[in-house]
Visitor: 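Quick one: the structure is below, and I'll ask about it shortly.
Both counts, for ligands and for their atoms, begin at 1 and track the order of listing.
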Amino acid sequence: MTPLLEEAVQPRSAEPVPVESIPADPMLPRPFEVRRVNAETYDTYTLELAPADGRPLLFRPGQFNMLYLFGIGEVAISISGDPGRPSPLVHTLRAVGAVTRGLSALKKGDVVGVRGPFGNEWPLDAAAGHDVVLVAGGIGLAPLRPAIYRLLAERKRYGRVVLLCGSRSPQDILFRRELERWRSRFDLEVAVTVDYAAGDWNGLVGVVTLLIPRAGFDPSDTVALTCGPEVMMRFATRELERRGVPPEQIHLSMERNMKCAVGFCGHCQYGPHFICKDGPIFPYREIAPIFEIREV
Ligand SMILES: Cc1cc2nc3c(=O)[nH]c(=O)nc-3n(C[C@H](O)[C@H](O)[C@H](O)COP(=O)(O)OP(=O)(O)OC[C@H]3O[C@@H](n4cnc5c(N)ncnc54)[C@H](O)[C@@H]3O)c2cc1C
């Protein structure tokens, strides 16, 4: 790899990324075989992929891969599996367009190309010793799930851990069985709300930001991780700040259309940043001036 490319794929991180997790050639997709496609909801699917060469793809919570559906196209998808168990490689995607629809229709044994892992990580080391609040909207729970696995695996390092999830409707709730399992733990506070109740839903109704004022955490000593639609993250950020969480302790995972994923093509430029290599996770303080402008 050229030094320039090496620098481009080395994400901003407190610690250097282990050498084995840096792709040998970030532009060359590695073949992965589909092991399982699991329907999470009516439009969201989890893919389990096994490396054709048997080498697991190591990653950090918050990182993403470029998934290449041969002949159709390539899209950025966050890794939603457990960083402590990198094989199979797990991604969860909502079928919204040609590539994601094609990926969700794959069958066991089909092959996809994988480039990555790319991007930086949730600041879990910096959060050690503090309370951690995760605010997820819809499919935003998928990029947060590796962070939840890591927090639970190293539970003693953290203060209170609170997971707040919002979905459009009960049918849209992602990882339902896992949420129920997490909710039964005494060392994790989990709250789930839906925008619109339907059927036999007896849970909370309302947007996810309504959960923030009633959650049990110490705002001045909290690191907040949020992922979801931008409008949701805007309101979540305001609510977290209103409760007293300092802006440098609020972290957002941003999405923009991207092509190369290594900071060359410029598709994902976000003000002075490239989401692919400076992000996708940003401290709110760093992007606050442009985050409030919807057109950026
Ligand atoms: C760093 C990063 C991580 C991502 N992680 C995930 C992930 O874990 N899971 C996942 O499902 N997606 C994720 N995405 C988003 C995904 O890359 C896009 O949805 C992608 O554009 C889909 O490609 P497509 O060809 O299927 O649809 P496109 O042809 O790109 O889009 C089809 C239509 O759907 C609309 N659309 C595109 N994306 C969305 C969306 N997210 N919600 C609603 N409508 C949309 C478009 O505006 C367009 O009208 C991520 C994006 C980035 C940048």
Visitor: Tell me which protein heavy atom sits closest to atom 53 (C) of ligand 1, plus the residue, atom name and distance to 0.1 Å.
Guide: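 For atom 53 (C) of ligand 1, the nearest protein heavy atom comes out as Arg256 O, 3.1 Å.
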
Visitor: Quick one: which of Arg101, Glu255, Arg94, Gln63 has a heavy atom closest to atom 42 (N) of ligand 1?
Guide: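 Looking at heavy atoms only, the winner is Arg94.
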
Visitor: To the nearest 0.5 Å, what is the distance between CG on Leu252 and CZ on Arg234?
Guide: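 Result: 10.0 Å between the selected atoms.
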
Visitor: Output yes when a protein non-hydrogen atom is found under 4.0 Å of atom 30 (O) of ligand 1, and no otherwise.
Guide: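 It does not; no protein heavy atom is within 4.0 Å.
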
Visitor: For the pair Asp195 and Arg168, find out whether any cationic side-chain nitrogen is under 4.0 Å from an anionic carboxylate oxygen.
Guide: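 No, this pair does not count.
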
Visitor: So, applying salt bridge (Lys or Arg N to Asp or Glu O under 4.0 Å) with Glu48, which one of Arg36, Lys108, Arg85 is it?
Guide: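 Result for salt bridge (Lys or Arg N to Asp or Glu O under 4.0 Å) with Glu48: Arg36.
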
Visitor: Among side-chain atoms of Tyr270 and Asp278, is any donor-acceptor pair under 3.5 angstrom?
Guide: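 Tyr270 vs Asp278: no donor-acceptor pair found between side chains.
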
Visitor: Strictly inside 4.0 angstrom of atom 18 (C) of ligand 1, do you find any protein heavy atom?
Guide: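 There is no protein heavy atom less than 4.0 Å from atom 18 (C) of ligand 1.
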
Visitor: For atom 40 (C) of ligand 1, what is the closest protein heavy atom, and at what distance to 0.1 Å?
Guide: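 Checking every protein heavy atom, the shortest distance to atom 40 (C) of ligand 1 gives Val96 CG1, 4.3 Å.
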
Visitor: Is the shortest side-chain N to carboxylate O distance from Glu74 to Arg115 below 4.0 Å?
Guide: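 A salt bridge is present here (some side-chain N lies under 4.0 Å from a carboxylate O).
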
Visitor: Using protein heavy atoms only, decide if any is under 4.0 Å from atom 47 (O) of ligand 1.
Guide: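 No.
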
Visitor: If you take the nearest heavy atom of each of Leu93, Leu67, Thr46, Val75, which one is closest to atom 21 (O) of ligand 1?
Guide: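 Shortest heavy-atom distance from atom 21 (O) of ligand 1: Val75.
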
Visitor: Polar contacts were defined as any N/O atom of the residue lying under 3.5 Å from an N/O atom of the ligand; does this apply to Thr92 and ligand 1?
Guide: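 Among all N and O atoms of Thr92, at least one is under 3.5 Å from an N or O of ligand 1.
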
Visitor: Before signing off on this row, confirm whether Gly97 and ligand 1 have an N or O atom pair separated by under 3.5 Å.
Guide: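 Yes.
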
Visitor: If hydrogens are left out, which of Leu141, Ile79, Ile77, Ile281 has an atom nearest to atom 10 (C) of ligand 1, that is, the closest non-hydrogen atom?
Guide: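 Residue with the shortest heavy-atom distance to the ligand atom: Ile77.
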
Visitor: With the threshold set strictly below 4.0 angstrom, can you tell me whether any protein non-hydrogen atom sits that near atom 24 (P) of ligand 1?
Guide: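 Under the 4.0 Å cut-off, atom 24 (P) of ligand 1 does have protein heavy-atom neighbours.
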
Visitor: Measuring from non-hydrogen atoms of Gly73 to any atom of ligand 1, is the shortest distance under 4.0 Å?
Guide: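 Checking ligand 1 against Gly73, which is what was asked, there is no heavy-atom contact under 4.0 Å.
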
Visitor: Hey, are Arg238 and Glu292 close enough for a salt bridge, meaning a charged N less than 4.0 Å from a carboxylate O?
Guide: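 Between Glu292 and Arg238 there is a salt bridge, with a charged N closer than 4.0 Å to a carboxylate O.
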
Visitor: Distance alone, cut at 3.5 Å: any donor-acceptor contact between the side chains of Asn257 and His267?
Guide: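 No, because no side-chain N or O of Asn257 sits under 3.5 Å from a partner of the opposite role on His267.
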
Visitor: For atom 4 (C) of ligand 1, what's the nearest protein heavy-atom neighbour? Residue, atom name and distance, please.
Guide: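 The closest heavy atom on the protein side is Ala76 O, 3.4 Å.
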
Visitor: ring-ring contact (aromatic ring centres under 6.0 Å, His included): which pairs involve residues 66-100, sequence neighbours left out?
Guide: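 Applying ring-ring contact (aromatic ring centres under 6.0 Å, His included) to every pair that reaches into residues 66-100, excluding sequence neighbours, yields Tyr68-Phe70.
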
Visitor: Please state which protein non-hydrogen atom is closest to atom 26 (O) of ligand 1 and give its distance, to 0.1 Å?
Guide: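 In this structure, atom 26 (O) of ligand 1 has Thr100 OG1, 2.4 Å as its nearest protein heavy atom.
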
Visitor: Is the gap between the ring centers of His251 and Phe282 under 6.0 Å?
Guide: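 Ring centres of Phe282 and His251 not closer than 6.0 Å.
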
Visitor: Salt bridge or not between Arg243 and Glu239? Use side-chain N to carboxylate O under 4.0 Å.
Guide: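 Between Glu239 and Arg243 there is no salt bridge, as every charged N stays at least 4.0 Å from the carboxylate O atoms.
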
Visitor: Considering only heavy atoms of Phe64, which atoms of ligand 1 have at least one such atom less than 4.0 Å away?
Guide: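 Under 4.0 Å from Phe64, ligand 1 has these atoms: 1 (C).
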
Visitor: Kindly identify the option in Pro229, Ser253, Gly62, Ser78 whose heavy atom sits closest to atom 3 (C) of ligand 1.
Guide: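 Heavy atom nearest to atom 3 (C) of ligand 1 belongs to Ser78.
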
Visitor: Would Gln171 and Tyr196 count as having a side-chain donor-acceptor pair, cut-off 3.5 Å?
Guide: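 No, because no side-chain N or O of Gln171 sits under 3.5 Å from a partner of the opposite role on Tyr196.
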
Visitor: Does an N or O anywhere in Val99 fall below 3.5 Å from an N or O of ligand 1?
Guide: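 Between Val99 and ligand 1, an N or O pair is found under 3.5 Å apart.
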
Visitor: Might you check, step by step, whether the distance between atom 35 (C) of ligand 1 and some protein heavy atom is under 4.0 Å?
Guide: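 It does not: no protein heavy atom is found less than 4.0 Å away from atom 35 (C) of ligand 1.
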
Visitor: Of all the atoms in ligand 1, which lie at a distance below 4.0 Å from a heavy atom belonging to Met258?
Guide: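 Heavy-atom distances to Met258 below 4.0 Å select 53 (C).
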
Visitor: If the test is side-chain contact (heavy atoms from CB on, under 4.5 Å), which one of Leu141, Thr237, Leu211, Thr226 qualifies with Val135?
Guide: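 In the set Leu141, Thr237, Leu211, Thr226, the residue that makes a side-chain contact (heavy atoms from CB on, under 4.5 Å) with Val135 is Thr226.
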
